[in-house]
Amino acid sequence: MALTPEPGAASNLPAIVTERRDLVEPIVVPNTLWQSSNPVAYNGGQDSEITHLREFEASGAGRRDDARWAGPLEVIPTKADIVLDLIRANSLWPLLSGLACCAIEMMSAATSKNDMDRWGMFPFRASPRQADVLIVAGTCTTKMAGPLVRLWEQMPEPKWCVAMGDCTCSGGRYKRSYSTIQGIDRIMPVDVYVPGCPPRPEGLIYGMMKLQQLIKDRRGHWPDRAIGPTVPEDL
Amino acid sequence: MTTTRTPFDIPAHASSDDPRVTLDEQLGVFEPIPPYPPRTEREAEFYTLRDGEMFVNMGPQHPSTHGVLRVVLKIDGEKVVDLDPVLGYLHRGVEKLCENADYHQAICYMDPLEYISSLFCEWSPVMAFEKLLDVQVPRRAEYIRVLSGELNRIASHALFMGWFALDLGGLTPILWSFIERDEIVEMLAALTGQRMLFNYFRIGGVNGDLNHEFMSRLGAWMSKATAHIDSNQALLNENEIFVRRARGLGVIDTATALQMCMTGPNLRATGVPFDIRRAHPYSIYPELDFDIPSRTEGDCLARYLLRMDEVRQSLRIIDQCLHQMPDGPVMAKLPRLIRPRPGRAYAAIEGPRGQYATYAISDGTDQPYRMRIHDPSFIHLQSVGLLTPGNLIADTMAIMASLDPIMGGVDK
Amino acid sequence: MDRALRRRLEARFGKVLTGPVRQRHDETEIRIGAGDVPEVLLALHDEPDFRFGLLSDLAGVDTGTSMQTVYHLWSDSSGDWLRVIADGLSRDDPRVPSVTFLWKGAEWMEREAYDMFGITFEGNRDLRRIYMPPDYASFPLRKDFFLADDASRSPAGGVRHMEQTHGPTNAEAGARIRQAPAS
Amino acid sequence: MTVVGRTWDRLTIPGKILAVVIPLGAALTAGLAILIAVVGGAVVQFLADNLPLVRFVVAATIVLLMTIPSAFLIIYMEMKVIALMNLRYGPDRVGPFGSALSVVHGLKVLMKEDFTPTGADVPVFTMAPVVVYMSSVLSLLVLPFAPGLFGQDFNIGLLYFFAMGGLTVVGLLMAGWSSFNKYSLLGGLRSAAQIVSYEIPLTLSVVGVILLAGTMSLNQIVLGQAGSLFDWYLWRQPLAFVVFFIAVTAEANRTPFDLTEADSEIVAGFATEYSGMRFGFFFFAEYVNVFIASGLTVALFLGGWNAPFNWPWPVTVGLDPGGLGIGLLLLLAIGPPLAIVVLGLPFYLLNSRIRFWQALVIGFVLFNVVAVGAVLGLAFLSFDWVVGLLWFMGKTYAFVFTFVWMRGTLPRVRIDQLMGFAWKWLLPAALLNLFVTALAILVLKR
């Protein structure tokens, strides 16, 4: 499907992404299909200034594979990775950080009725240094974006992110709001999206089990991660 | 001799609210001091350190801030000297969104405000819109509203109990209270179709009539509810450590509570039996027989025990609703598109945390011209700054939990 | 509806009122000038006729032509909510005396009104932004602040705060400021 | 492609493994034989001359290795017991009944990114977990597990124990200071205040025991409680037992005294900035401390490895395999198959859906169970250290369960209540106990 920009589109935006390399770079996926009825409302239509991920990519630090997956374990035969991934998949400590409504359902998923502990996902760590998976549960506002990104960057590799709820997946019911982020995949990489407003606890557990499957398929590898919304290759 | 340090001495660095976080290379420190000169008297006073004091930045991600509250604590050792709550990390602009939505859609934005007592967030705007429209709600709908509302109140108080215990270090109460909460929420899901954000109340009634699954779940739960609540409380009420920590902590007297505009259980714990269900009756509450519990101590333990008493009263109300519920329609006859006459309406109800109020202005179009949401969490969180100084760090969490704020309601 | 309250209010504040006392449902509404707010509220709070001890709500309103602050009070001597509207604040520089000397709890509500409307409450010792970050420039609940149809499709993708960068003069043709009804 | 390459390709996987292992084994054996022939005598002589040193090194190594499985066991126990107290299942997917989950957690922590925050004092930051862990491990060295089964029998064993336990606070303080984080600092200072305060009633409460036993060697203290249930020091020192148990809970940083890592107050306390295996060390040290606290309580007050009753019958297993002569060989050859068939036959006869080979498999499994049970039972009857170890571990894990139970039930105390409790109640109680004990000994001995 080839789409051409409409004549009225802003010219300072980058072209439509075509390669996988390009998908890694931008934080804000340029939109050329639609124009706001009031473009000035967004500070003159300027780009986002959240560029830390872009700078991180440019610095090349993310491409060093230090102690993330292989590191000192490179000497072990490749098949050992399967075991390591199994271990990682079965011990996912979420970060104890709820943003809004979904946090209650996240807690409900960990409590007696829907016991996430059964899969080894229970010890909710209060400190990001010890957490493996960031469940972004609830609406992320623009004021919260900075702290949230810092939390993500404070987590040690390997780490994963689960976007829980419509607000974190795409903006949800706050899609017109002046102060919410329209999907957290604009500021940080996301591995699993769990839609729903809020999703049931079973939904979150299903998402976490999907994450386990992804880990077993080696999805957490940093260079393979696409930053930004998941856009089809042919767009 | 005390040395003081003002914000001007600190080299400029990025604000924590700025997404482009850059740590100062040489310092490597992130002080919560704002990088600009103080703009108000209070800010200047707070962000000036005396000898031996330091700031601790609690939040926006902290296990016991009940969401994304950020509290800057000024501590001297373990003692909290002063604190400055920083809000807005969950500000979603609901009031503005409501002004851009029509009357039915506006109710949909209400649910996520106080997400563990959503029905009360819907109730006050619905009542305000009904006042604007001069609609008479069918009696059966009123009974269903009270019934589901009181169930939601019990769920909310159950979570309060769990969180309060969790912030005091207890692990088990929250899991036990979540069992009750899950049962109630599943029951309401059978009634409303959603587990948390019910979106059940409509202008002129409720969305649907009682159904079989709801009634059977409710009956099964009611038969064992009292025993469950008693066993959950036995875990805490007879626990010496818990009682010693909560008693005499964060005492607030009646005059101060009224000055702080407090309502609900937090006000009633100081000795004023002020409950909007009795003080300014609405719905069918005048026809129901229930007590307004109140306590005189005004401390954290009183606030906790008072909520537990309220749970018992709610059970009474549910029982009466089930026995007295009349037959009839559950929705008033209304046009699809609502255009109230220009005017203003104010409606307040008693929720699990206090007074939920909505002030709606209509300009004759199908969208509210202005919709002001008054939320008790927002008001009560304010008094943390009054109650905490002089106590220890651990008490900050206990006091905050005993006031029971929900950040969705605080930040709107 | 409490007719006696209306008579008492008219008798006590007859000179100060800028409009008629209105009553509808269980609400009584009076309008006063911004400068009279402290005296009127102090009288309502203290005098034995009224005893409005509880400030139920404090809100700002942008009527499109002027600003208002609205106080809702509750008294155990009356069955009505009393709404006090301080009317006629200028939209360029809205100023009104603070009521924190009566209700300390009004402080955050005034901060919120300042954050959302830019109303300056004189006497509030902590009047700074409460929801939006300190470097935010606009006042979102003002009527000349327009929302996008869909912020997620805007160029900045909703990652930044939405700011109001234009006054009503340079708004496009379709944009019209809603104005409150005359009532 | 050479001949070797083709041959290699034709080999099956076991063949490839054998082709590597057999030459390697042969070479190693040959090398070892030469080595032993050349320097063996000297090494043996050296070891024989320095037997205490050898014993110490071996014991330290074994104790160090022992901590890891016991920590895993306690972690699993805590997860499962707290889950059951919370009316949920707890881990049940990884391993049988989720028993492998604690190992999986441990291995995962091992493989996380090792992280040092900006501004941290790197050497101190790196050393802190090691200090904490080693102080726990070194305390284990004097703990008597069973008669003849202990690391080292110091005559100042108890003193050494408290000295090593007090070293923990240094590690926690190092962690709190070097992390460059205010929560860590608060946690470290809290732990310093807490452990230093509780060290005093802890030490004073055992002085009564020392007076009674007349020694500070833990082995001798346990021997002094030999006999039945009523010879334990618990009955002669009940107040000391209560004081000691409370103080040791505080020393091990367990609920309700877990203020140093109170996650609802100071995020994770001293461990806030630690990730990866460094955090793992803290995590393990906590559970090793639980084990040590329980073990010490058992050794001091509950008779250590002594059975709670006088062993009522004399145990003599007069088994002489040599007496059977050639019959032993026949028994070994015929006995097991016969036993397998005999054990499996009922399943074949009673259940028509089980085939014969399946019955044989069942018989084989049952035979193994029976054989292992018989050997263990024989060992239990023959060797007193097996009996002692079982009693010691049973009592110790009962106490570990108590610690877990308290964690599931109790809220956390506040720092001022904690300190006030130590100084206002525990210390006077410990002193009172000391004076009363001393007076009683003085009066009774005269």
Subject >> Atom group of B:M54 that falls short of 4.5 Å from chain D, counting heavy atoms >> reply: side chain
**OP:** Kindly say whether B:V56 contributes a backbone atom to a donor-acceptor pair with the side chain of D:Y183 at under 3.5 angstrom?
**Re:** no
**OP:** Measure distances from B:D167 to the heavy atoms of chain D and classify the residue's part below 4.5 Å as side chain, backbone, both or neither.
**Re:** both
Original post:
So which part of D:D258 gets closer than 4.5 Å to some heavy atom of chain B, the side chain, the backbone, both or neither?
Top reply: neither
Original post:
So with a 6.0 Å cut-off around CZ of B:R247, is the heavy-atom count from everything else above 12?
Top reply: no
**OP:** Could you tell me the separation between the CZ atom of D:F421 and the CD1 atom of B:I241, rounded to the nearest 0.5 Å?
**Re:** 9.0 Å
**OP:** Please round to the nearest 0.5 Å and tell me the distance separating atom CZ of D:R88 and atom CH2 of B:W176.
**Re:** 13.0 Å
Original post:
Contact part of D:I82 toward chain B, heavy-atom cut-off under 4.5 Å: side chain, backbone, both or neither?
Top reply: side chain
Subject >> D:T255 OG1 to B:L171 CG distance, which is reported to the nearest 0.5 Å >> reply: 7.5 Å
Original post:
How many angstroms lie between atom CG of B:L168 and atom CG of D:L410, to the nearest 0.5 angstrom?
Top reply: 12.5 Å
**OP:** Report yes if the side chains of B:R244 and D:R414 come closer than 4.5 Å at any heavy-atom pair, otherwise no.
**Re:** no
Original post:
Using non-hydrogen atoms only, which part of B:L392 is less than 4.5 Å away from chain D: side chain, backbone, both, or neither?
Top reply: side chain
**OP:** Mark yes when over 12 heavy atoms from residues, nucleotides or ligands other than D:Y397 sit less than 6.0 Å from its OH; otherwise mark no.
**Re:** yes
Original post:
Hey, does B:I179 have a side-chain heavy atom less than 4.5 Å from the side chain of D:L87?
Top reply: yes
Subject >> Side-chain touch D:L189/B:E78, heavy atoms, less than 4.5 angstrom >> reply: no
**OP:** Could you tell me the separation between the CD1 atom of B:I393 and the CD1 atom of D:I266, rounded to the nearest 0.5 Å?
**Re:** 7.5 Å
Original post:
Between the side chain of B:R245 and the main-chain N/O of D:R412, is any donor-acceptor distance below 3.5 Å?
Top reply: yes
Subject >> Heavy-atom check, side chain of B:I174 versus side chain of D:N86, under 4.5 Å >> reply: no
